[in-house]
Amino acid sequence: MSDKAAKKAEKSINNSSKPVLGLATGKTFTGFYKKLVEKHNKKKISFSNITTFNLDEYVGLPSDHPESFHYYMENNLFKDVKIPNQNYHIPNGTAGNLKKECEEYEIKIKNAGGINTQFLGIGENGHIGYNEPGSPHDSRTRVVKLTEETQKNKKEYFESRKVPEKAITMGIGTILEADQIFLLASGEEKAEAVKKTVEGPITKDIPSSALQKHDNCTLIIDEEASTYLPKT
Ligand code: F6R
């Protein structure tokens, strides 16, 4: 799965003179970033000309906090690939004015020419980015409250077992503006959400179902995550 997704990233990077990638974090993506680092080391891709935008960040966690998404990106990708500092973007969860931070994030995406290729993970409740059930499909980057279920599922990453209650996330509307989207899912715990993403009605209750409205969205999933999809 990681290999396939990294090949898609490689193609997107090498087919564009000014590639702009949308990136996700979490356990689904650690293998993917390993593959990207390998490709960088083998000189198959260069990060010198890439711009990246991460989907989300916890409110209140500084960039050097070990459970922040900023730290995750630094640790899993950025420290190894020589990406110029000004070329990567992650929402600042400690900004004094969070509303302004969100508005400016949208402007930065626009000024970069929009996102060519967006990578997404998925929550067990169908969240994409941190757009939880109930998120409007035209939502933009904003501060959101995480559901109790999501906070429970993310506990394993937090040594303190205290998951922040809020996050900044790109909106579903922001995500849908990407030229192409790849959603990765691994494990049976994601199978129900995957089925609803593909086969369910398009509804605010399942944020990922909004992806049915996009005309260039591909799911890259493992066997377990496809448990409830029809086998052909
Ligand atoms: C994180 C993000 C989330 C995760 C999702 C799955 O940047 O956008 O939507 O992709 O919560 O997380 P894992 O991969 O840890 O199961």
Side-chain angles (χ1 to χ4, degrees), residues 1-2 5-6 9 21-36 52-59 61 63 65-78 88-93 102 105 109 115 117-135 137 139-158 163-176 178 181-194 196-197 206-211 217 219-222 224-226:
M1 196 185 78
S2 300
L21 298 188
L23 299 177
T25 57
K27 62 175 183 284
T28 309
F29 279 88
T30 51
F32 170 74
Y33 292 125
K34 259 194 201 118
K35 296 278 172 197
L36 287 192
T52 67
F53 288 92
N54 267 78
L55 282 162
D56 40 18
E57 179 59 284
Y58 290 109
V59 167
L61 297 195
S63 56
H65 190 287
E67 277 101 14
S68 74
F69 290 156
H70 200 123
Y71 189 91
Y72 172 104
M73 290 307 298
E74 199 62 43
N75 209 27
N76 284 282
L77 184 69
F78 296 151
Y88 66 83
H89 306 86
I90 303 172
N92 177 4
C102 296
Y105 206 66
I109 295 172
I115 291 173
T117 305
Q118 175 69 55
F119 289 92
L120 296 174
I122 185 170
E124 288 173 40
N125 62 3
H127 72 217
I128 47 175
Y130 264 151
N131 293 284
E132 298 279 40
S135 297
H137 288 182
S139 52
R140 312 301 306 185
T141 304
R142 67 205 188 288
V143 173
V144 291
K145 203 173 160 350
L146 302 177
T147 61
E148 276 176 23
E149 182 194 1
T150 295
Q151 289 179 53
K152 199 174 117 236
N153 288 343
K154 299 293 173 186
K155 257 189 189 160
E156 58 174 303
Y157 304 113
F158 285 77
V163 181
E165 286 177 11
K166 290 181 182 170
I168 294 178
T169 183
M170 272 164 55
I172 298 179
T174 323
I175 291 169
L176 291 178
I181 300 176
F182 293 103
L183 182 142
L184 277 62
S186 161
E188 200 175 342
E189 68 273 20
K190 302 288 174 71
E192 192 67 46
V194 165
K196 288 177 179 163
T197 304
I206 308 292
S208 54
S209 68
L211 297 171
C217 176
L219 268 64
I220 301 177
I221 60 179
D222 66 9
E224 291 77 11
S226 74

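We count ligands from 1, going down the list as the structure has it; atoms in each ligand are counted the same way. Being a predicted model, the structure only gives us computed values, none of them experimental.
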Residue list, side chain to side chain contact (heavy atoms under 4.5 Å, CB included) with Phe78, at least two apart or on another chain
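Residues passing side chain to side chain contact (heavy atoms under 4.5 Å, CB included) with Phe78: Thr52, Asn54, Met73, Glu74, Ile83, Tyr88, Ile90.
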Quick check, are the ring centers of Tyr58 and Phe158 under 6.0 angstrom apart?
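Centroid separation for Tyr58 and Phe158: below 6.0 Å.
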State, yes or no, whether a side-chain contact exists between Phe69 and Tyr130 at a heavy-atom distance under 4.5 Å.
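They are in side-chain contact.
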Tell me yes or no: between the side chains of Arg142 and Ser135, is some donor less than 3.5 Å from an acceptor?
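Per modelled atom types, Arg142 and Ser135 side chains form a pair under 3.5 Å.
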Strictly by side chain to side chain donor-acceptor pair (under 3.5 Å), give each pair with a member in residues 182-193 just once, sequence neighbours left out.
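Output for this query lists Ser186-Asp222.
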With sequence neighbours left out, what residues match His89 under side-chain hydrogen bond (donor to acceptor under 3.5 Å, both in side chains)?
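If we apply the side-chain hydrogen bond (donor to acceptor under 3.5 Å, both in side chains) test to His89, skipping adjacent residues, there are no hits.
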For ligand 1, what is the set of protein residues having any non-hydrogen atom at a distance below 4.0 Å?
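Near ligand 1, by chain and number: Ala24, Thr25, Gly26, Lys27, Thr28, Leu55, Asp56, Gly121, Ile122, His127, Gly129, Lys154, Tyr157, Lys190.
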